[in-house]
Number of protein chains: 2
Amino acid sequence: MPNKPPTTPRKLPRQDRSRITVEAIIEATTHILVEEGYDKANTNRIAERAGISIGSLYQYFPNKESLVTALMEQHAQEMVELVGMKLERLFDSPLEIVIPEIITAIIAAHAINPRLHQVLSEEIPYSERSPKMQQANERISILIRAYLERWRDYIHPQNIDLTVFILSRTVDSLCHAAVIEQPHLVSDSQFEQEVSNLLLAYLIKNPAI
Amino acid sequence: MPNKPPTTPRKLPRQDRSRITVEAIIEATTHILVEEGYDKANTNRIAERAGISIGSLYQYFPNKESLVTALMEQHAQEMVELVGMKLERLFDSPLEIVIPEIITAIIAAHAINPRLHQVLSEEIPYSERSPKMQQANERISILIRAYLERWRDYIHPQNIDLTVFILSRTVDSLCHAAVIEQPHLVSDSQFEQEVSNLLLAYLIKNPAI
DNA sequence: TGGCAACACGAGTATTTGCTCATATTATAG
DNA sequence: CTATAATATGAGCAAATACTCGTGTTGCCA
């Protein structure tokens with residue numbers, strides 16, 4: 001089988017100097033991706049934008065793919081921490097509290113740099129999704145699952161795995177689409193309210209919307 | 001402003017000979033896209049696969065982009081016709097009938113060539129989405145809107161535009177994700193049932209799931 | 001202060017690839 | 001049968017671009 005090239009850093013930065021370089025590379029990658037899109041982004045321009053040489057870039061990233069992977073893993077990690085924090089703090093709060101809170105948080109996260117999220121989720125070839133990202137999604141599923149188990153008695157659907165899938169997919173795609181296609185919805189709390197209604201009406205046994 | 005290169009055919013096929021050629025190019029594009037993904041697909045290989053010369057390809061398609069655009073427009077058109085047919089035939093049927101029917105149909109459409117849909121929706125740069133596709137989405141929204149207006153008295157949410165947005169996005173993303181990530185769900189009617197429940201619980205005033 | 005490791009440099013290479021154009025072949029109309 | 005339009009060909013160009021490598025510079029520690 002054709003063993004894929006690695007996406008982990010070739011060399012770890014040890015001095016402050018190089019840590020700044022790596023930071024600059026990440027920042028530049030973000031910027032170029034946002035401005036030009038994935039297929040117009042090239043490593044020479046990223047290095048130029050970062051104010052470093054192309055050689056330095058390849059000291060820390062073995063290939064172009066690893067640059068994008070780093071960004072995606074960073075975003076995935078942020079999402080895990082976000083949902084983790086919310087669900088930990090609100091583990092004993094009912095759905096009516098938790099659902100709107102999470103929706104608001106996810107919209108806020110997507111709204112920080114909408115175009116970056118768009119590029120990462122819509123233009124990156126499937127082959128570049130790393131194991132770390134799958135693990136991140138896995139972790140989120142586990143968190144949601146645990147919460148749903150906790151409140152099982154108040155929830156209508158019975159197949160918890162299926163429910164987790166539907167929940168996570170629905171929230172993510174609606175928040176994403178809203179930020180990208182209907183940015184005016186984001187500042188409007190009616191949208192968050194409506195997505196909450198969608199999920200609560202589905203989940204709660206005796207809804208009183 | 002930088003006037004973009006056209007995506008419409010450079011020359012229209014007039015004889016049967018060339019119509020076959022164009023068909024072969026479309027088929028080959030699909031095949032290469034499915035097998036290799038977007039960024040590994042190149043026009044020389046597409047021509048080779050189609051059994052024609054690279055020169056012939058460029059007689060009918062002005063650039064690589066137009067090949068992909070043709071496929072995407074074809075798919076968008078199919079979706080419009082699908083939803084249009086269903087909603088026309090079932091215009092006077094209640095939500096409990098229409099929602100499951102549409103979900104089943106969309107899943108079936110996505111399941112014909114899942115990998116192609118994945119590539120088209122996840123790997124194609126945003127810049128290549130053509131006006132025709134936006135028009136197609138527009139048409140679907142109008143159809144759904146008309147149906148919702150027809151049954152307005154039985155529907156709970158009041159902001160119809162917002163409801164159309166939420167409905168179309170939710171159905172599309174769930175069907176897509178199911179076919180790609182959880183193919184075992186597709187043969188299982190429980191998934192369709194559950195997505196129907198999600199939407200019906202949200203829409204219907206006095207749900208009795 | 002000398003020596004080693006970490007870091008930075010960037011011209012150049014090797015490859016890929018979108019696309020052209022001059023030419024050849026085939027169909028059709030008069 | 002002939003003229004003209006339609007169609008097909010593919011070698012090769014021009015540009016883009018991922019990545020290397022030999023060399024120079026800076027920081028750290030004994």
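Throughout, a chain's letter reflects where its sequence line sits, starting with A, and its residues are numbered from 1.
The phosphate of D/dG10 has neither OP1 nor OP2 within less than 4.0 Å of any side-chain N or O from B/S53. In this model, the phosphate group of D/dA8 is approached by a side-chain N or O of B/T21 to a distance below 4.0 Å at OP1 or OP2. For D/dT9, one of the phosphate oxygens OP1 or OP2 lies less than 4.0 angstrom from a side-chain nitrogen or oxygen of B/S56.
Rounded to whole Å, the distance from CD on A/E36 to P on D/dA16 is 13 Å. A/R14 has its CZ atom 12 Å from the C1' atom of C/dC7, to the nearest Å. Look at CD on A/E48: it is 14 Å from C1' on D/dT17, rounded to the nearest Å. When rounded to the nearest whole Å, the span between CG of B/D16 and C1' of C/dT26 equals 14 Å. The CG atom of B/L57 sits 15 Å away from the P atom of D/dT7 (whole-angstrom rounding). One atom, CD of A/Q15, and another, C1' of D/dC29, lie 12 Å apart when rounded to the nearest Å. As a whole-Å value, the separation of A/I20 CD1 from C/dA6 P is 18 Å.
Scanning both residues, A/A70 and A/F61, for their nearest heavy atoms gives CB-CE2, 4.2 Å.
Screening residues 161-177 of chain A for salt bridge (Lys or Arg N to Asp or Glu O under 4.0 Å) gives A/R145-A/D161, A/R169-B/E181 as the qualifying pairs, with residues at least two apart or on separate chains.
Using a 4.0 Å heavy-atom criterion, one finds that B/I52 contacts the sugar-phosphate atoms exclusively.
Between B/R115 and B/E35 there is no salt bridge, since no side-chain nitrogen of the basic residue lies less than 4.0 Å from a carboxylate oxygen of the acidic one. The pair A/R45-A/E48 does not meet the salt-bridge criterion, since no charged nitrogen lies less than 4.0 angstrom from a carboxylate oxygen.
Heavy atoms of other residues, nucleotides or ligands lying less than 6.0 angstrom from CZ of A/R19 number more than 12.
The shortest distance between side-chain heavy atoms of B/V195 and B/T170 does not fall below 4.5 Å. Contact of the A/L167 side chain with the A/L203 side chain is registered, since non-hydrogen atoms from C-beta on lie closer than 4.5 Å.
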Nucleotide by nucleotide, 5' to 3', does protein get under 4.0 Å of the base (B), only the sugar-phosphate (S), or neither (-) in nucleotides 16-25 of chain C, counting heavy atoms? -SBBB-----
